[in-house]
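What follows is a set of notes on a single structure, which appears directly below.
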Amino acid sequence: MSSQSNTQSLFDSRILGQAAIDALKKLDPRALAKNPVIFVTEVVSVVVTVFFFQELVTHQGSPLFTGQIAGWLWFTVLFANFAEAVAEGRGKAQADSLRKTRSDTSAKRYANPRDLDGQCSSINALDLKVGDVVLIEAGDIVPGDGEIVAGLAMVNESAITGESAPVLREAGGDRSAVTGGTTVISDFIKVRITAAPGSTFIDRMIALVEGAERQKTPNELALSILLSGLTIIFLIVCVTLWPLASYSGTALSITMLIALLVCLIPTTIGGLLSAIGIAGMDRLIRFNVIATSGRAVEAAGDVDTLLLDKTGTITFGNRMADEFIAISGISEQDMAEAAQTASTSDETPEGRSIVALATSRYAVPSPASAAKGTVVPFTAQTRMSGVDLPSRSLRKGAVEAVLKYCGLARASAPVEFNQVVERIARSGGTPLALAQNGMLLGVIHLKDIVKPDIRLRFAELRAMGIKTVMVTGDNALTAASIASEAGVDDFIAEATPEDKLAYIRNEQQGGRLIAMCGDGTNDAPALAQADVGVAMQTGTQAAREAGNMVDLDSDPTKLIEIVGIGKQLLMTRGALTTFSIANDVAKYFAIIPALFVAAYPQLGALNIMHLTSDKSAILSAVIFNALIIMALIPLALKGVAYRPVGAGALLRRNLTIYGLGGIIVPFIGIKIVDLIITTLHLA
Amino acid sequence: MTVIGWLQIALVLAAVLAAAVPLSTYIVRVYGGEKTLLSPVIAPLERGLYRLSGVDPLHEQNWLTYAYAMIMFSVVGFLSLYALQRTQAYLPLNPQHFDGVSPGLAFNTSVSFLTNTNWQNYSGETTMSHLTQMLGLTVHNFMSAATGLAVAFALVRGFARSGASTLGNFWVDMTRITLYILLPFSIILALVFIALGMPQTLAGSVETTTLEGVKQALSIGPVASQEAIKELGTNGGGFFNANSAHPFENPNAWTNMLEIWAMLLVPVASVLAFGRAVGDIKQGRSILIVMSILLISGVGVIYWAESNGIPALTSLGVDQMQGNMEGKEVRFGQAMSALFTAATTGTSTGAVNAMFDSLTPLAGLVPMFNLLAGCIWPGGVGSGLYGFLVVAIIAVFIAGLMVGRTPEYLGKRIETREMKLVMLAILIYPAIVLGFSGASVLLKTALDSLNNAGPHGLSEILYAYASTTANNGSAFAGLNGNTPWFNSTLGIAMVLGRFAYIVPVLALAGSLAGKKRAAASSGTFPTTGPLFVGLLLGVVIILYLLQYFPALALGPIAEHFMMLNGRSF
């Protein structure tokens, strides 16, 4: 997740200040009830606080100890609230900048949506209804999401995408959607409104980044149940410990039992769970991808198969010159020079690539001046282009056309020439013939160039158990050639939208989750069927509605990163859950001897950390339990380190760090806290 | 500890494995309704039973119907067993003319045999008529074991099936398990036991003249037949009060080894059968390895602690060469007593060949921890498999997230509904064991039942509730359980420990069966291999240690440290 469009430091002081205030506001038990672990912590904090005041008034017990326990229990709740508030705060900052673009706008609405040549009157954008048609002229802000019914215009969409270069929007086809909040900078368009005010794309985006519509995702719910179950188990353990201890001759104080309870229930993951979810969503937004639900982010982590469009994702999308093959008698150097000269004025991507190849691989000096001769442009009739110079005339183009220009029949062309042409065609490339003064020079091999690092990426995905499928309109031969070069696992050649849909259904039938991206209206059914459907922001309204994510940069390559973000979210949750539960082992060794050493002095043997006294032991465990939440906030927000390796390697690594580490770290932490407490004479 | 002792232990365990591997393929055939070696003889009988009872063997049930059938079957079983005990005085085969069993005891005993617990608040040879023993207790030894295996079958189907709404037919499963597995193997085993010297007669007692010349009546009866299913069905209810320490129930070293072998056989085979049924033998093997490590570590701790003897006695000049022999039979020795103790609590058998009350504290901790974990290494017939799979799901859920995918076990996604059911099942144990133990120590009437004071008394109470909740049935013996408080609460513990666990498990099976089985890839969480074995081991230990460490600290752990300082109870 290297590319971040707008970096924001993890802990902005403004966000931290606001979060501290929000953490206090979140103490409201009605809000906390959603989080059973922290809710229980708050309830027992109240109880211990009452005991503290009682002891203070009656001068019984040890108010210093009870007061400290009460204080740290409140800190435990506050730290958990703070983690959530920081995560939310980062989203809010983003939402505020979005909201600025949604200032009051007015709209020119046609009185009769069916009569687009009729009258239009100015109304407030907030009064627009779905189905209204509005006129938007140069300089106007688009009043709401809609579909262009007439006209074309350049639109500045930087408000949403951050990309300042304007894009073309026109009626019909795949570029007909406009988004409220963007600005028309040339021409005019007539737009049918498709979303009511308050539910436009920008509104939804604001709600999402603010977390206002946040609901627990399926996996988060399942994890909450595990945590609630553990909380109930530890409640039973602590409640029944009182009679068992009193049988053994120890009257346990409620404060001590509560301290034990709070140390045992999974406060660490309970306190950080929602922050992890918000931060995961936030990572996606920072990556300029908007997910319509947290469910989609989780599903991204589960994806087994990626459907990737060939063009733009696997290849650069344009055919580019890859080699010059001269026929015998002509040196490659001469051929390269001729090819470059013939293409100097050719501004197509193919032409530019020929110039670039000649310069880079054959060290032909850049042409000094191009405009000396007469440029012969490409036409559909001649199917070739070239240049007429005083000394020579050069032509390059389709093989048949150039042979004809040279006065040759296919059969009478040199054998080696025909062989090269055939080889290139078979490999999926395009052969261009090059001739000078009616003499054949050779063949230019144009091919769909596979992106240099993509093979490695696919190998990584394969290691993670993800299958890559290339979708292309090319014929099977060409597709197979590119597929093997890029290292994808499978391909769909001459793909129609129906083919994609059928492929997705078939994979899902086999128990696999599919991710794909698309932009056209005809992609919509497949986007809806896929488990993760990423629609391009430049795509049609239908595609954006069908997918469950929208990529604001319209970059289909990002599908791979989206999967990584989903996995990272789930991994962070798992790592902190494991860590939290593993922590309990050390806490037992701190608290159990402290509780029972009065009844059975021999149990002091369990005090393997050699904590100073029973009070300092209990206090240290409670303090460690609170501080560890604070210490793990950065990890919860950033996510655990993610590597594209197989499940076995990931598990071994994370189990070592968070499982084994979770057992060992608190032994050290509690001992250190105990040393500090003892030095300060706090217990 | 001696090398010979360990070799003996290894020999028995190897014999279990050698028999369990072929048995597992046989169980899979019974599970799948396929033809088996015994079909030519049994299939006509099976078909006749279906016709007689009007069961359509091809009709499958969803989880709710399956659970309903299981519960109705158990209710009828409970009522008939209760009635039989109450009226035994008027029924035949009562050579020693015992009275009807008292209501509290009859309730406790009915529940106990119904739930595969076989907790015995009575002495069989002086309470139960031969008819009650054979028609009541022995029949339930078969039925309760078959019920456990049927539930395990249903859960395995939940994993093996994809997008299915049914889990099989309870009546068919019960019939096939009883006819094809339990009956034939019990008959063979009973014959072997008879050959090795166990009594099998309808006579009530024999008169003998003791060495002192006194005439004494020795109770006997149909012992071998009950003994076979007692071990094979992991029931554990003895014909005699002294259970497998009694010379008629366990005459010699050979019967002793055979009894250990028999109680481990079906649980181990069903774990391997699970792997075969879900199409990956390694899945069953990994679980069996975890179970074996836990079981054998337990054997090691008992063997080591008992061989060391008691320091206070050594200082008094008592010869501790043999280790702590209090409550042990010389004909079995330390090694085979240790293996028997770990096996009988690792399974839900609960038969004993040595008195647990006399174990040193650390050795006593082993059977207690086995019980607190619910007797799941390798567990009771069927109950071990489904009990361990529930824990495995928790392990997969906690650690599975760490590979960056929604946790899945055998291709089934573990989601909200599954976690609810799993937590519901897991909660039952601490709620009952700690709840009732906590209540008991507050009650004067309950404390009057204790033979011992201090931490050992607490161990006795904890043990009683752990044993009944886990449907094991062994006792720490120091506790007098035949009181209204213990008869009723131990009875409740047995019922809840069995049925409040099974119902969520069946619901879980139904939920899993309905899911599509996700395809495995290199990104899938691995549920085989050393890493998973280590993970599962860690989760099992931490999960149960966290629940019971405080209680154990006040019981056996405190006692252990006190023993080291020279104090015993």
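Lettering of chains follows the sequences in order, A, B, ..., and the numbering in each one begins at 1.
Of the listed residues (A:L513, A:L651, A:V640), the one with the most heavy-atom contacts under 4.5 Å to chain B is A:L651. Among B:R517, B:R405, B:K516, the residue with the largest count of heavy-atom pairs under 4.5 Å with chain A is B:R405. Between chain A and the residues B:P430, B:G435, B:A558, B:S162, the largest count of heavy-atom pairs under 4.5 Å involves B:A558. Top candidate by heavy-atom pairs under 4.5 Å with chain B, chosen from A:L226, A:V645, A:L230, is A:L226. Interface remark: of the candidates A:D304, A:I591, A:T577, A:D304 forms the most heavy-atom pairs closer than 4.5 Å to chain B. Ranked by non-hydrogen atom pairs under 4.5 Å with chain B, the options A:I232, A:V303, A:T578 are led by A:T578. Among the candidates A:A463, A:G646, A:C238, A:G566, the residue making the largest number of heavy-atom pairs closer than 4.5 Å to chain B is A:A463. Interface remark: of the candidates A:L595, A:I581, A:L244, A:V239, A:L244 forms the most heavy-atom pairs closer than 4.5 Å to chain B.
With a 4.5 Å cut-off on non-hydrogen atoms, A:Q508 touches chain B through its backbone but not through its side chain. Only the side chain of B:R413 comes within contact range of chain A, judged by heavy atoms closer than 4.5 Å. When heavy atoms are compared at a cutoff of 4.5 Å, B:M419 approaches chain A by way of both its backbone and its side chain. Contacts of B:Q547 with chain A are made by both backbone and side-chain atoms, with heavy-atom separations under 4.5 Å. The part of B:I542 that comes within reach of chain A is its side chain, from C-beta onward, which places non-hydrogen atoms under 4.5 angstrom from that chain.
Counting heavy atoms from C-beta on, the side chains of B:F549 and A:V237 never come closer than 4.5 Å. Using a 4.5 Å heavy-atom threshold, the side chains of A:L650 and B:M402 count as separate. Side-chain contact between B:L442 and A:S246 is present, with at least one heavy-atom pair separated by less than 4.5 Å. Between B:I557 and A:L606 the shortest side-chain heavy-atom distance falls below 4.5 Å. No side-chain heavy atom of A:T240 sits under 4.5 Å from any side-chain heavy atom of B:S437. Using a 4.5 Å heavy-atom cutoff, the side chains of B:L427 and A:I236 are in contact. By the 4.5 Å heavy-atom criterion applied to side chains, A:L223 and B:F397 are counted as neighbours.
Minimum interatomic distance between A:F596 and B:P550 (heavy atoms only, all atoms of both residues): CE1-O, 4.0 Å. Of all heavy-atom pairs spanning A:S248 and B:L554, the tightest one is OG-CD2, 3.8 Å. Among all heavy-atom pairs drawn from B:A399 and A:L655, the shortest one is CB-CD1, 4.5 Å. Looking at every heavy atom in both residues, A:R512 comes nearest to B:A519 through NH1-CB, 3.4 Å. Taking all atoms of both residues into account, the shortest heavy-atom contact from A:A222 to B:E415 is CB-C, 3.8 Å. Of all the heavy atoms in A:G648 and B:P526, the pair that sits closest is CA-CG, 4.2 Å.
Of the possible polar contacts, one joining the A:Y247 side chain to the B:G454 backbone as a donor-acceptor pair under 3.5 Å is found.
The 12-atom threshold is not exceeded at NZ of B:K420, counting heavy atoms of other residues, nucleotides or ligands nearer than 6.0 Å. Enclosure of atom CH2 in B:W485 by more than 12 non-hydrogen atoms of other residues, nucleotides or ligands within 6.0 angstrom is indicated.
Atom-to-atom distance recorded for B:T416:OG1 and A:E220:CD is 10.5 Å, nearest 0.5 angstrom. In this structure, CE in A:M464 is found 12.0 Å from OG1 in B:T524, a value given to the nearest 0.5 Å. Atom OG1 of A:T656 and atom CG of B:L531 lie 8.0 Å apart (nearest 0.5 Å). Between B:S521 atom OG and A:R462 atom CZ the span is 12.5 Å, to the nearest 0.5 Å. Between B:L546 atom CG and A:Y588 atom OH the span is 5.5 Å, to the nearest 0.5 Å. Atom CZ of B:R417 sits about 14.5 Å away from atom CG of A:L221, to the nearest 0.5 Å.
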B:L545 vs A:V585, test: side-chain contact (heavy atoms from CB on, under 4.5 Å). Steps then yes/no. CA-CA 8 Å; B:L545 214 56; A:V585 176; over 6 Å; no

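In summary, the side chains of A:N219 and B:T406 do not present any donor paired with an acceptor at a separation below 3.5 Å, with no hydrogens or angles considered.
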